[in-house]
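First up is the structure itself, then whatever we jot down about it.
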Amino acid sequence: MQTPGSQTKSRVDWSWKMPKRWLAQGHKLKVSVGASLKLGLVLLPLSSLSCSSGIEPGVVVPTVTAGPARLSRLTKGQYLQTLTSLLGPGLQLPTNLEDDTYLHGYTSVAASELTISPRAAEQFESAAMDLAEQIFTDKTRRTELVGCTPETALRDSECVLTFLRRFGLRTFRRPLAEDELALFAELYENTSKLLGDKWLGLQYVVAALLQSPHFLFRVERGELEPRSSDELPSENSTPYRLRYSCYEMASRLSYLLWETMPDDELLRAAGAGELCGPQGEQGLTTQAMRMLAMPQAEGGIGRFFREFLKLNRLDTLSKDTKLFPQLTPTLRAAMGTEIVRSALQTALGDADIRDLLTSPKTFVNKELATLYGLPDAAKLGSELQPVELPSDGPRAGILGTAGFLAIGAHQTVTSPTLRGRFIRENLLCQDIPPPPPGVATSLMPPASGEKTTLRQRLTQHREAPQCRGCHQLMDPLGLTLENFDAIGAFREKENEQPIDASVDLDGQQLVGARALGQALHDHPRLGPCVARQLYRYATGHLETEAELDLVGQLGVRLQRQQYRFKSLLLALLTSEGFRYASVDTDVAMDQNSLQTTRAAAAKGGN
């Protein structure tokens, strides 16, 4: 089986073979049954998956400051959710898939940069075969999926072609091209004859569709935007851009907001031309508002906040079990869920997104409430419940959550440096350079018998000139959180010494987590940073230099809309950076020259 190369996604040729268990059941179809069947199915030839645009003569468009068009493989969560949306509930989905990779903090960035490994390709192949078998060995399910019975249809071809068009549209998230339709119809015809079973023929077709790169990847190549025939280019006309097609926009919107394939209404809007071109901005806004009001929105928006706040690190969180015996797997899960539910309540409730740093409202269960020292914790169960933290307590906002505090700590002790670094890099978008080569990053242990605080040891560490610069940026922020231990429990002393959580931050005196949360709430860099983080997540790439102004405009829009997260989402979805892509200027210039030549020839012939 050939898989995508490790360096490029522009050429994919996946062979598709019958599993041994099917052969063992008596089916005699072999991989090399002939070119007409060709279960190898060059399912994704170069012409159909090239990252460059299929530029047509006579097309010129204005410039845009957007990143290049990309191929993005479905993440593990998107793949599984898409299978459920496409095939319906009740199937046994694959459980042995490779975990997602994070790149620059986001799986969406990794998905647009990395291809599918040979091992993952075999996993997808096995899953496709198994899912198809589950469906077609169930007479009720297969009839519901296909919508007709080829064995009894007056015209078998009409039944199959109707199914292929409908199912192909949902599987590839766009209509099948005529050559694709003919290829899958030929696959059905030949397998049906060889196996003597029309349902088995359809079973193989479905298996082929489910392992096609057009299903496993979001193939978003873009298209040059047409202009009227009288807008002929000149030699000085060099600005170009690609616009994503209406079906590509349906996928971009659906996987961002819902983590799954477009629903029927979104596909209808795409087919009607409502998501691109002159109607695109209004159509996208209408669909986005509809989708954000539905429960599925918690999937896509929740994933953004999980990755933005690095909550995946809770999955592998390791602490000293002797010091922290209360850190159970269920408590770790509750830590992440608390933050995500708080973020969703703020973002989808259309509140000020900055309130995530100051709000006393949160969600706890018995374990979390006990860790936080809340009254009546014993009355709670395992499910998280909404609560309001005491106004005179030490916690408020995500900086006071156990999940955030535990991530920013070591196995036995806290780390003001890690906590401060996260705030600088993720909430304020300030880069912290790595330590110089050869510099010792570990703190000096206290002298034998000496009881010191981490603050005192960090003060000593910052005395080294090569360490002072970066630690002065990170440590003060983290020191305001020192009243919370390595799993987020409140404490007043460390090594029998009173904890000092006061700092001078840019001339402002802060004491404790609540004061830090308010200072960050009011920080002018917070809003623009949230906009930048969402742009990276949504587009699947780090912003290019050409996109900086666009990202800056999103930050301004967020501020003008009183920091409502929905307003930021809508601004991003209708922005040039989400709807358009840059194009290779040399390729476009060749087409420009061809268009000019043809226009001149047409004039000469009149």
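Just the heavy atoms: all of them, side chains too, but no hydrogens, waters or symmetry mates, feed the values below. Being a predicted model, the structure only gives us computed values, none of them experimental.
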Could you tell me whether [X] and [Y] have a side-chain N and a carboxylate O separated by less than 4.0 Å?
X	Y	value
Glu248	Arg218	no
Arg70	Glu113	yes
Glu98	Lys76	no

For [X], does the [atom1] atom sit with more than 12 other heavy atoms under 6.0 Å from it, leaving out its own atoms?
X	atom1	value
Arg560	CZ	no
Lys366	NZ	no
Gln509	CD	yes
Glu383	CD	no
Arg268	CZ	yes

Does Arg243 make a cation-pi contact with Tyr580, if we ask for NZ or CZ under 6.0 Å from the ring centre and within 45° of the axis?
no
Against the six-membered ring of Phe217, is Arg73 placed for a cation-pi contact (under 6.0 Å from the centre, within 45° of the normal)?
no
Any side-chain heavy-atom pair from [X] and [Y] closer than 4.5 angstrom?
X	Y	result
Leu569	Ile301	yes
Ser391	Pro360	no
Arg514	Pro394	no
Asp522	Gln518	yes
Trp258	Leu253	no
Leu216	Leu74	no
Leu267	Leu169	yes
Leu317	Leu327	yes

If you look at every heavy atom in [X] and [Y], which pair is closest and at what distance?
X	Y	value
Glu494	Ile499	N-CG1, 3.8 Å
Ile487	Ala402	O-CB, 3.5 Å
Ala515	Leu510	O-CD2, 3.9 Å
Gly400	Tyr372	O-OH, 4.3 Å
Phe305	Ala347	CE1-CB, 3.8 Å
Ala581	Ala66	CA-CB, 4.0 Å

Donor-acceptor pair, side chain of [X] and main chain of [Y], under 3.5 angstrom:
X	Y	value
Thr401	Ile398	yes
Ser359	Asp355	no
Asp376	Lys379	no
Arg173	Thr171	yes
Asn365	Leu384	no
Ser112	Val109	yes
Arg564	Gln562	yes
Arg579	Met249	no
Arg557	Leu572	no
Lys319	His410	yes

Check: [X]/[Y] side-chain N/O donor and acceptor closer than 3.5 Å:
X	Y	result
Gln287	Glu265	yes
Thr107	Thr75	no
Tyr255	Thr82	yes
Thr362	Glu338	yes
Arg354	His523	no
Glu274	Gln279	no
Gln282	Thr286	yes
Gln78	Thr260	no
Thr414	Glu482	yes
Thr544	Glu547	yes

What's the spacing between [X] [atom1] and [Y] [atom2] if we round to 0.5 Å?
X	Y	atom1	atom2	answer
Leu284	Leu266	CG	CG	8.5 Å
Leu86	Tyr79	CG	OH	10.5 Å
Arg303	Leu256	CZ	CG	9.0 Å
Leu558	Cys529	CG	SG	11.5 Å
Leu257	Arg252	CG	CZ	12.0 Å
Leu356	Phe565	CG	CZ	9.5 Å

Can you list, pair by pair, the side-chain donor-acceptor contacts under 3.5 Å of residues 416-427, counting residues two or more places apart and other chains?
from, atom 1, to, atom 2, distance (Å)
Thr417, OG1, Asp475, OD1, 2.8
Arg419, NE, Leu405, O, 3.4
Arg419, NE, Gly408, O, 3.0
Arg419, NH1, Leu481, O, 3.1
Arg419, NH1, Phe484, O, 3.3
Arg419, NH2, Leu405, O, 3.0
Arg419, NH2, Asp485, O, 3.0
Arg421, NE, Glu425, OE1, 3.4
Arg421, NE, Glu425, OE2, 3.4
Arg421, NH2, Glu425, OE2, 3.3
Arg421, NH2, Ile432, O, 3.3
Arg424, NE, Leu473, O, 2.8
Arg424, NH1, Gln430, OE1, 2.9
Arg424, NH2, Leu473, O, 3.3
Asn426, ND2, Phe308, O, 3.4

Using side chain to side chain donor-acceptor pair (under 3.5 Å), reason through Thr330 and Glu367 one step at a time and then give a plain yes or no.
CA-CA 8 Å; Thr330 54; Glu367 285 185 291; 2.7 Å; yes
What's the verdict on side chain to side chain contact (heavy atoms under 4.5 Å, CB included) for Thr480 and Val511, showing C-alpha distance, side-chain angles and the deciding distance?
CA-CA 6 Å; Thr480 63; Val511 182; over 6 Å; no
Would you call the rings of Phe304 and Tyr106 parallel, tilted or perpendicular if under 30° counts as parallel and over 60° as perpendicular?
parallel
